[in-house]
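Below is one structure, written out as structure tokens, with a few remarks after it.
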Amino acid sequence: MYKIVLVPELKVLLSRNQIAQRVTEMAEDITRDFKGQSIIFVGVLKGAAIFLSDLARQVSLDATFDFIGVSSYGNRPTPAEDPAGHAAWDSLGEVRVTKDLDQSMTDRNVILVEDILDTGLTLNYIQKLLLAHQPRTLRIAALLDKPSRRKQPIHAHYIGFAIPDAYVVGYGLDYAERYRNLPDICVIENP
Ligand code: IMP
């Protein structure tokens, strides 16, 4: 009896050069918008770590970092549980904080840095949490946006690329914790 094993296929959607160019533009926008002020980047672990480190190094402002860790209930299945890779990419909107902020956000210019804006449920939750700190300003920088997947409206001031509804990995984004270290952003097929 034969067992069919599907080998994951990765196709580059956004090359490292395209990403670098767009991140530079986003950094220029942030530098212009907050000229003469201090900002704090709040990265959402783990997916935004690489984007934040590239973005922050190109922003010419007085800047500090913090990180927040969240885990959505209704986690994505592992490849073994979902060999076709189609089920439950959706977070259920019930988010658990796994790493809280280290600093107060009160009266700060906060830039929430996220890898991808999908249904919008996670960012809506984090946004509410940050607003409770009463920051001076709160803006969202998301490298990728899948507008067709939105379940809750959310406004991101800085968006890198709008992409179609495909599952992507690389540049911080994972599938079952793998592929985060790919320098390009790739569509994964047969995960
Ligand atoms: P949302 O609450 O549905 O907007 O979920 C956003 C989170 O889902 C992101 O921070 C990612 O961790 C994850 N996510 C959504 N789409 C993708 C994808 O295509 N690749 C990897 N992770 C994704």
Side-chain angles (χ1 to χ4, degrees), residues 8-16 18-19 22-23 26 41-55 66-79 81-101 110-131 138-191:
E9 210 180 304
L10 299 171
K11 287 198 184 128
V12 175
L13 178 70
L14 296 165
S15 70
R16 63 201 79 182
Q18 286 174 290
I19 299 168
R22 188 67 191 113
V23 171
M26 294 173 85
F41 289 107
V42 175
V44 183
L45 294 171
K46 307 169 200 166
I50 293 178
F51 173 42
L52 186 149
S53 67
D54 282 349
L55 182 70
D66 204 340
F67 288 94
I68 186 165
V70 293
S71 152
S72 301
Y73 291 110
N75 271 339
R76 254 177 284 145
T78 64
E81 289 161 345
D82 174 28
H86 294 138
W89 301 350
D90 300 353
S91 60
L92 300 177
E94 290 174 58
V95 178
R96 184 167 55 97
V97 174
T98 54
K99 191 228 158 267
D100 204 350
L101 298 164
V110 179
I111 302 195
L112 180 55
V113 183
E114 177 62 310
D115 51 3
I116 187 164
L117 192 44
D118 189 31
T119 63
L121 297 171
T122 308
L123 269 189
N124 260 297
Y125 179 91
I126 299 173
Q127 194 180 33
K128 274 189 206 128
L129 199 142
L130 286 171
L131 284 173
L138 174 60
R139 292 194 170 185
I140 293 173
L143 181 64
L144 304 176
D145 183 16
K146 285 191 214 170
S148 63
R149 296 256 309 157
R150 200 75 85 252
K151 286 186 178 166
Q152 267 182 15
I154 184 143
H155 175 65
H157 284 83
Y158 310 102
I159 289 180
F161 303 91
I163 62 165
D165 179 11
Y167 200 82
V168 289
V169 294
Y171 198 72
L173 290 144
D174 75 309
Y175 182 83
E177 293 300 328
R178 295 183 61 203
Y179 309 113
R180 289 193 197 274
N181 61 327
L182 296 177
D184 306 308
I185 292 176
C186 303
V187 173
I188 185 164
E189 286 165 9
N190 306 327

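Because the structure is a prediction, the values reported are computed rather than measured. One-based numbering, in listed order, for ligands and for the atoms of each.
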Within a distance under 4.0 Å of any heavy atom of [X], pick out the atoms of ligand 1 and give their elements.
| X | answer |
| --- | --- |
| Leu121 | 2 (O), 4 (O) |
| Glu114 | 10 (O) |
| Thr119 | 1 (P), 2 (O), 3 (O), 4 (O) |
| Ala166 | 19 (O) |
| Asp174 | 21 (C) |
| Lys146 | 16 (N), 17 (C), 18 (C), 19 (O) |

Can you label the angle between the Phe51 ring and the Tyr171 ring as parallel, tilted or perpendicular, going by 30° and 60°?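 Tilted.
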
As an exercise, state the distance from [atom1] of [X] to [atom2] of [Y], rounded to the nearest 0.5 Å.
| X | Y | atom1 | atom2 | value |
| --- | --- | --- | --- | --- |
| Leu101 | Leu129 | CG | CG | 7.0 Å |
| Gln152 | Leu123 | CD | CG | 10.5 Å |
| Ile19 | Ile50 | CD1 | CD1 | 9.5 Å |

Taking a cutoff of less than 4.0 Å between a non-hydrogen atom of the residue and any ligand atom, is Gly120 in contact with ligand 1?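 Contact check Gly120 vs ligand 1: positive.
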
What do you reckon, does Val44 put a non-hydrogen atom under 4.0 Å from ligand 1?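 For ligand 1, residue contact (heavy atoms, under 4.0 Å) with Val44 is absent.
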
Go through the steps to decide whether Leu14 and Val168 satisfy the test side-chain contact (heavy atoms from CB on, under 4.5 Å), and finish with yes or no. CA-CA 10 Å; Leu14 296 165; Val168 289; over 6 Å; no

With heavy atoms under 4.0 Å as the rule, classify the contact between Lys151 and ligand 1 as side chain, backbone, both or neither.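 Lys151 to ligand 1: no contact under 4.0 Å from either part.
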
Is any side-chain N of the basic residue among Arg150 and Asp145 closer than 4.0 Å to the acidic one's carboxylate O?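 Judged by the 4.0 Å cut-off on N to carboxylate O distance, Arg150 and Asp145 do form a salt bridge.
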
Are [X] and [Y] packed together at the side-chain level, in the sense that at least one heavy-atom pair is separated by less than 4.5 angstrom?
| X | Y | value |
| --- | --- | --- |
| Ile163 | Ile185 | no |
| Val97 | Tyr125 | yes |
| Gln127 | Ile154 | yes |

Report yes if some N/O of Leu123 lies less than 3.5 Å from some N/O of ligand 1; otherwise report no.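 Such a contact does not occur with ligand 1.
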
Ligand 1 and Asp115, any nitrogen or oxygen pair closer than 3.5 angstrom?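 Yes, since at least one N or O of Asp115 sits under 3.5 Å from an N or O of ligand 1.
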
Which is closest to atom 5 (O) of ligand 1 in terms of heavy atoms, Val169, Val168, Thr122, Ile185?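 Answer by nearest heavy atom: Thr122.
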
Of Ile116, Leu173, Ile126, Ile163, which has the heavy atom at the shortest distance from atom 6 (C) of ligand 1?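 Comparing heavy atoms across Ile116, Leu173, Ile126, Ile163, the nearest one to atom 6 (C) of ligand 1 lies in Ile116.
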
